[in-house]
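Written below as C-alpha cells is the structure these notes are about.
All figures in this text were calculated on a predicted structure; none of them were measured in a lab. Side-chain atoms are counted along with the backbone in the values below, which use heavy atoms only and exclude waters and symmetry mates.
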Amino acid sequence: MSEHKATISWKRTSEEFLKGKYSREHTWTFDGGAIVQASPSPTVVPLPYSNPAYVDPEEAYVASLSSCHMLTFLYLAGRQGFQVDSYDDEAVGLMTKNERKVPWISTVTLQPRIVYGGAKRPTSAEEEHLHHQSHEQCCIANSVKS
C-alpha cells in the first residue's frame with residue numbers, strides 16, 4: 001500500500017566508545033525534510049550519555065500511537081457530522097519488564113480532551129464508539145501488542 005522512511009544518523013564523538021562512554025545523541029530525518037534530535041531516555045542511558053531535551057524512542061512510540069488515534073478520530077468524527085474544534089491528549093506509556101525480564105512499553109493510556117463546535121454534539125456513547133472505532137482502524141494500534 002505505502003512505504004514510510006526515516007533515516008537515523010549517529011556519529012562517534014568520543015575516544016572512549018569501547019568503554020561505553022559516548023553520546024547516544026542522534027537525528028531522525030524524515031522524507032518530508034523534518035529533522036528530530038533524538039536520544040535515549042535518561043531512565044535507560046544515564047547522563048551525560050543521553051540528552052533529556054531530545055525525543056527518545058519511547059516518547060516517539062507513545063506519540064505515534066496518540067497521533068494515529070487522533071487523526072483517525074478526527075476523520076471519523078467529521079464523517080459523522082461532529083465538528084471538532086480542538087483535540088489534546090497527554091498520552092502516557094508505561095515501561096515494564098516482560099516474562100523474559102526484557103523492558104517493553106506494556107501499556108499506553110490515551111487521555112484525549114476534545115472540544116466540539118457546531119450544532120451537532122456527540123453523546124457520551126457516540127464519543128465512546130468513535131474512540132473504539134478509532135482504535136480499531138488506527139494502523140499503528142493494529143501494529144503493536146501494547
For residues [X] and [Y], report the shortest heavy-atom separation together with the two atoms involved.
X	Y	answer
His26	Arg24	ND1-O, 2.8 Å
Gly93	Ile105	CA-CG2, 4.2 Å
Leu47	Pro52	CD2-CD, 3.5 Å
Ala77	Leu130	N-CD2, 4.0 Å

With side chains defined as the heavy atoms from C-beta onward, is the minimum distance between [X] and [Y] less than 4.5 Å?
X	Y	result
Met95	Glu58	yes
Thr107	Thr109	yes
Ile114	Val84	yes

Task: Qualifying disulfide bond (SG atoms under 2.5 Å apart) pairs with a residue from residues 114-146, counting only residues at least two apart or across chains - done: Cys68-Cys138

Contacts of type salt bridge (charged side-chain N to carboxylate O under 4.0 Å, His left out), residue [X], not counting sequence neighbours:
X	answer
Glu136	none
Arg79	none
Lys5	Glu3

- [ ] Run through the side-chain heavy atoms of Ile, Leu, Val, Met, Phe, Trp and Tyr, join any pair under 4.5 Å, and report what else lands in Trp104's cluster.
- [x]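 Traced through the cluster, Trp104 reaches no other member.
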
TODO: Check which hydrophobic residues are tied to Ile8 through side-chain heavy-atom contacts below 4.5 Å, counting indirect links as well, and list them.
DONE: Trp28, Phe30, Val36, Val55

Please enumerate all residues that pass side chain to side chain contact (heavy atoms under 4.5 Å, CB included) together with [X], with sequence neighbours excluded.
X	value
Ser124	none
Asp89	Ser66, Tyr87, Ala91, Leu110, Gln111, Pro112
Asn142	none
Thr13	Ser23

TODO: For the pair Arg12 (side chain) and Ser14 (backbone), establish whether a donor and an acceptor sit closer than 3.5 Å, ignoring hydrogens and angles.
DONE: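 Yes: the side chain of Arg12 pairs with the backbone of Ser14.
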
TODO: Using modelled atom types only, decide if a donor and an acceptor are shared between the side chain of Arg100 and the backbone of Lys97 within a distance under 3.5 Å.
DONE: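 No, the answer is negative, given that no donor and acceptor are paired below the 3.5 Å cut-off.
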
Open item on the list: Counting only heavy atoms from other residues, nucleotides and ligands, does the tally under 6.0 Å from CD of Glu126 exceed 12?
Closed with: yes

Open item on the list: Quiz question: by atom type and distance under 3.5 Å, do the side chains of Thr72 and Ser134 form a donor-acceptor pair?
Closed with: no

- [ ] Would you mind checking if Arg113 and Glu90 are paired as a salt bridge, meaning a charged N to carboxylate O distance below 4.0 Å?
- [x] yes

Task: Qualifying side-chain hydrogen bond (donor to acceptor under 3.5 Å, both in side chains) pairs, either residue in residues 48-57, two or more places apart - done: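 Counting only pairs at least two positions apart or across chains, the side-chain hydrogen bond (donor to acceptor under 3.5 Å, both in side chains) contacts touching residues 48-57 are Glu25-Asn51.
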
Open item on the list: Between Ile35 and Trp10, is there shared hydrophobic-cluster membership here, with clusters defined by ILVMFWY side-chain heavy atoms closer than 4.5 Å?
Closed with: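 In one cluster: no.
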
Task: Val108-Val144 co-clustered via ILVMFWY side chain contacts under 4.5 Å - done: yes

Task: Gap separating the OH atom of Tyr116 from the CZ atom of Phe82, nearest 0.5 angstrom - done: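 Those atoms lie 7.5 Å apart.
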
Task: ring-ring contact (aromatic ring centres under 6.0 Å, His included) contacts touching residues 117-140 (sequence neighbours left out) - done: His69-His131, Phe73-His131

